[in-house]
Every structure is written in C-alpha cells, then in structure tokens.
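For reference, the structure is listed below as structure tokens.
So you know, we letter chains A, B, ... as the sequences are listed, proteins then strands, and number each from 1. Just so it is clear, the structure is predicted and the values come from calculations on it, not from any experiment.
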Amino acid sequence: DAKTTQPPSMDCAEGRAANLPCNHSTISGNEYVYWYRQIHSQGPQYIIHGLKNNETNEMASLIITEDRKSSTLILPHATLRDTAVYYCIALGGYFGNEKLTFGTGTRLTIIP
Amino acid sequence: NAGVTQTPKFQVLKTGQSMTLQCAQDMNHNSMYWYRQDPGMGLRLIYYSASEGTTDKGEVPNGYNVSRLNKREFSLRLESAAPSQTSVYFCASSGPYEQYFGPGTRLTVT
C-alpha cells in the first residue's frame with residue numbers, strides 16, 4: 001500500500017469548513033483512499049473512501065486530484081465534536097477486509 | 001445491534017501474568033482484527049482472521065496468540081505479559097468496505 005503524508009496538526013474555527021490534506025504520490029491505479037478518524041481515545045471510525053471521483057456522504061466530502069497524488073477531506077461545517085485525529089490510508093482493494101496501516105494522522109482541533 | 005464489543009475495558013497486570021482479551025461482533029462479518037495503539041502512535045495490526053478457523057500474523061504478533069472461537073468471537077491472549085505490552089488494544093471487524101472498531105481495552109503491565 002502506498003505511503004501517505006499528512007500534516008501533524010490543524011486548527012479550524014467552529015462552523016467553518018475543515019480541509020484536511022493528504023499526499024499519496026506513489027499511489028497505484030487500484031488503490032483507494034480511505035479516511036478514518038479517532039475521537040479522543042475511542043476506536044477509529046470510518047468516514048469515507050474513493051478511487052478517483054469525488055465522493056460525498058453525510059459526514060464529509062473527499063476530493064481527489066486528477067493525478068491521484070493527493071486528496072482533501074472536507075468537513076463542511078465543523079463542530080466541536082469533530083475534534084479528533086484523522087487518518088488517511090491508501091488501500092489496495094475495495095473490500096473492507098483489507099488490513100489497515102495507520103500512520104500518525106492529523107490532529108484536528110475545532111476552535112469555538 | 002451492539003457492533004463490536006470488548007472486555008475488559010481496563011486491566012492491570014504484573015509482569016509474567018497471563019490474560020485473554022475478548023472481542024465479539026454481531027454483524028455477521030467474516031474478517032476480524034486485533035490492533036494495538038501506543039501513546040501518540042497510530043494503530044498497528046497484531047493478528048487478523050479472514051474467516052472462522054483461520055488466523056494470520058500482522059505487523060507485531062510477538063508475545064500474542066489468538067483464537068477465532070466462532071464467527072462472532074476473536075480473542076487475544078498474552079501468555080506472559082511484559083511492560084512493553086502496555087497499550088490500548090482495539091478489536092475490529094470488516095463490513096463490505098469499512099472496518100468497525102470496538103471501544104478498546106486499556107492494558108497496563110507493571
């Protein structure tokens with residue numbers, strides 16, 4: 001699976017859009033980009049995933065560049081409950097039974 | 001639908017003691033996983049089970065054993081605990097495109 005690079009920390013004002021970047025310059029054509037988050041010390045929570053098209057669900061949007069070397073997770077209206085560590089993972093396979101490799105992620109702090 | 005449950009939530013062991021961490025899921029998933037998370041680090045895979053009756057090593061299997069008792073349950077055993085095994089342990093199971101995680105077991109080995 002391709003290595004991903006994320007900034008260690010970010011702040012965002014409550015109510016604003018939080019944009020979390022991820023670099024995956026060595027990603028291969030069949031690798032998906034997955035995002036998980038970990039709130040406080042809870043178990044990680046799946047957010048969204050995509051291959052090459054932009055994706056949106058009830059939690060977030062995922063924008064993947066045309067060359068697929070980077071992506072951005074967007075939380076459209078951040079709330080205090082979105083304060084968490086966000087992990088970007090490149091995964092070779094669509095199926096959920098792939099083994100996840102977590103880096104250190106981005107610690108997002110939502111400021112009141 | 002409880003999702004993934006883990007017991008116990010907290011445990012303190014002395015060096016050399018043994019214990020088993022229990023995990024169960026009620027989502028009829030085939031694949032289950034055990035991860036550990038050390039302070040300030042991401043999760044690392046210890047063992048996984050792609051289906052009932054099969055288990056495979058992950059990134060950090062030394063010092064651990066696992067049992068896939070049935071489709072619902074996947075246990076992790078520490079035969080002789082060491083201070084280096086102080087960590088938070090997470091169990092997970094796989095849906096069609098995502099993993100569901102339990103709340104974790106916080107283990108301290110003194």
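For B/Q37, the part lying near chain A is the side chain, with the backbone staying farther off; criterion is any non-hydrogen pair under 4.5 Å. For chain A, no part of B/R44 is nearby; none of its heavy atoms comes within less than 4.5 Å. For B/Y100, no part lies under 4.5 angstrom from a heavy atom of chain A. Using a 4.5 Å cut-off between heavy atoms, B/L45 touches chain A through its side chain atoms alone.
The aromatic rings of A/H49 and B/Y97 sit tilted relative to each other, their planes meeting at an angle between 30° and 60°.
Contact residues of residues 11-22 of chain A toward chain B are absent (heavy-atom distance under 4.5 Å).
Through side-chain heavy atoms spaced under 4.5 Å, either directly or across other Ile, Leu, Val, Met, Phe, Trp or Tyr residues, B/F10 is tied to no other residue. Cluster partners of B/Y64 are B/L13, B/M19, B/L21, B/M32, B/W34, B/I46, B/Y47, B/V60, B/V66, B/F74, B/L76, B/L78, B/Y89, B/L107, B/V109, counting Ile, Leu, Val, Met, Phe, Trp and Tyr whose side-chain heavy atoms approach within less than 4.5 Å, directly or via other members.
Note on A/I64 and A/I74: separate hydrophobic clusters, where clusters join Ile, Leu, Val, Met, Phe, Trp and Tyr whose side-chain heavy atoms are under 4.5 Å apart, directly or indirectly. Hydrophobic clustering, with ILVMFWY side chains joined whenever heavy atoms are under 4.5 angstrom apart, keeps A/Y87 apart from A/L75. Hydrophobic clustering (side-chain heavy atoms under 4.5 Å, transitive across Ile, Leu, Val, Met, Phe, Trp, Tyr) groups A/M59 together with A/V33. Under the 4.5 Å side-chain heavy-atom criterion for ILVMFWY residues, a single connected hydrophobic cluster contains both B/V88 and A/Y36. The hydrophobic clustering, which links ILVMFWY residues whose side-chain heavy atoms are closer than 4.5 Å, places A/Y86 and B/M41 apart.
Going from atom CD of B/E98 over to atom OH of A/Y34 covers 8.5 Å, rounded to the nearest 0.5 Å.
At least one side-chain heavy atom of B/L43 sits less than 4.5 Å from a side-chain heavy atom of A/P44.
Between A/L100 and the choices B/F101, B/Y48, B/Y33, the side-chain contact (heavy atoms from CB on, under 4.5 Å) rule is met once, by B/F101.
Residue pairs meeting the side chain to side chain donor-acceptor pair (under 3.5 Å) criterion with at least one partner in residues 64-76 of chain A, sequence neighbours excluded, are A/H24-A/S71, A/T65-A/D67.
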